[in-house]
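Worksheet: one structure, shown below.
These numbers were taken from a predicted model, which means no experiment stands behind them.
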Protein chains: 2
Amino acid sequence: MQTSDLIKNWLEQLQASGYRVTEPRRAIVELVATADHALSPIEIYDSGRREYPRLGLVTVYRTLERLEELGLVQRVHSPDGCHRYLRAFEGHQHLLICTRCGRVEMFAGDDLDPLARRVEQATGYQVEEHWLQLFGVCPLCHA
Amino acid sequence: MQTSDLIKNWLEQLQASGYRVTEPRRAIVELVATADHALSPIEIYDSGRREYPRLGLVTVYRTLERLEELGLVQRVHSPDGCHRYLRAFEGHQHLLICTRCGRVEMFAGDDLDPLARRVEQATGYQVEEHWLQLFGVCPLCHA
DNA sequence: CTATCTGCAAACCGTTTGCAGCGTT
DNA sequence: AACGCTGCAAACGGTTTGCAGATAG
């Protein structure tokens, strides 16, 4: 899908879910849908302001909340605890995250479902979610 | 190792590293070394206060910092972003965490090193750390 | 026209820092 | 006796909430 189509698609999904398509939302969606790395709310706010100067940080948080509800973005947790947001991709993804710049790669990892089921059996837990994340330094930051 | 020995061992390690063994530290170490689940700083503060009422939250943070330096505790990250602390075990562990009460189980997972090396090769990243964590509801919270 | 959305300000929560006095060594 | 440690209070940064005015549908 073309990035412009992606943006249009997100806005349509917002609308279809009863949300309104507004200028600030348009700016935020444009940024997040096309970013190649995970963005923090502040980064979105700063960049978004260049396009739509009246943008407020609160709106960034509220819009991200909506996009997460719709499954369009996912949160990324890092060792530093900083919350970043990344466009969600098809199915469950395993992430490789650059600890310097937040750039994110996806990789096909092991399928963890068998493991999860094994562990459920062994412990009696009901497994609801799993994280498989690698952290490292990307080639660009490394140079 | 007996839990009382474990506590003694931690206090000795503090001392050996040039830190002082004080009443508040003793209370904190006792709690964290023997806990069967990951504790948040506030929980440590509240419980610690029962044993040593003058305990301050700041001291909890500062002591956890020391214990982390010495490799005696490890941070645990959850989807809610809440930081909890767990006694560190031998080698690298994969965790299963109860999202309700913070109880933690360890499990022998796949060895992720081959995967990490494969991903390094494919992406050019230098992989430094990995997380394999499962989240769920433990049998007790589930009932 | 109405209900949602926005931005501001202020509240809020977990964490960190400055500092004067206390307690370990 | 000296220096690290403590607890209080206050600062701090990120996130959330209340509210009156703006705006999409």
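- Taking the side chain as every heavy atom from C-beta outward, B/Leu132 and A/Leu115 approach each other to under 4.5 Å.
- Contacts of B/Gln15 with the nucleic acid, taken as non-hydrogen atoms under 4.0 Å apart, involve only primed sugar atoms and P, OP1 or OP2.
- Where B/Tyr19 and B/Val58 each meet DNA chain C at their nearest nucleotide, the meeting point lying more 5' is that of B/Val58.
- A/Ile42 and A/Ile28 fall within the same hydrophobic cluster, defined by Ile, Leu, Val, Met, Phe, Trp and Tyr side-chain heavy atoms under 4.5 Å apart, directly or through other members.
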Worked check of side chain to side chain donor-acceptor pair (under 3.5 Å) between A/Tyr52 and A/Glu30: CA-CA 12 Å; A/Tyr52 181 75; A/Glu30 249 171 66; over 6 Å; no
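- Over its length, the helix from C/dC1-D/dG25 to C/dT25-D/dA1 turns its helix axis by 30°, as judged from the five terminal pairs at each end, rounded to 10°.
- A/Glu120 places a side-chain N or O within donor-acceptor distance of the main-chain N or O of A/Val127, the cut-off being under 3.5 Å.
- Note: A/His83 and A/His77 have perpendicular aromatic rings, judged against thresholds of 30 and 60 degrees for the angle between ring planes.
- The aromatic rings of B/Trp131 and A/Phe135 stand perpendicular to each other, their planes meeting at an angle above 60°, with 30° marking the opposite boundary.
- Between B/Trp10 and B/Arg25, every side-chain heavy-atom pair lies at or beyond the 4.5 Å cut-off.
- The pair A/Glu43-A/Arg84 counts as a salt bridge, with a side-chain nitrogen and a carboxylate oxygen less than 4.0 angstrom apart.
- When atom types are taken as modelled, the side chain of B/Thr59 and the backbone of B/Leu55 share no donor-acceptor pair closer than 3.5 angstrom.
- In this structure, CZ of A/Arg66 is placed 13 Å from C1' of D/dT16, rounded to the nearest angstrom.
- For B/Arg62 against D/dG4, a side-chain-to-base donor-acceptor contact under 3.5 Å is absent.
- Residues A/Leu11 and A/Gln15 form no side-chain contact, since every pair of their non-hydrogen atoms from C-beta on lies 4.5 Å or further apart.
- Residue A/Tyr52 is classed as a sugar-phosphate contact, given heavy-atom separations below 4.0 Å to backbone atoms only.
- Spacing between atom OH of B/Tyr61 and atom C1' of D/dT6 amounts to 17 Å, rounded to whole angstrom units.
- A salt bridge links B/Arg26 with B/Glu23; the closest basic N to acidic carboxylate O contact falls under 4.0 Å.
- If you check residues 21-42 of chain A against DNA chain C, the residues with a heavy atom closer than 4.0 Å are A/Thr22, A/Pro24, A/Arg25, listed by number.
- Close approach of DNA chain C to chain B, defined as any atom under 4.0 Å from a non-hydrogen atom of the protein, starts and stops at C/dG14 to C/dT25.
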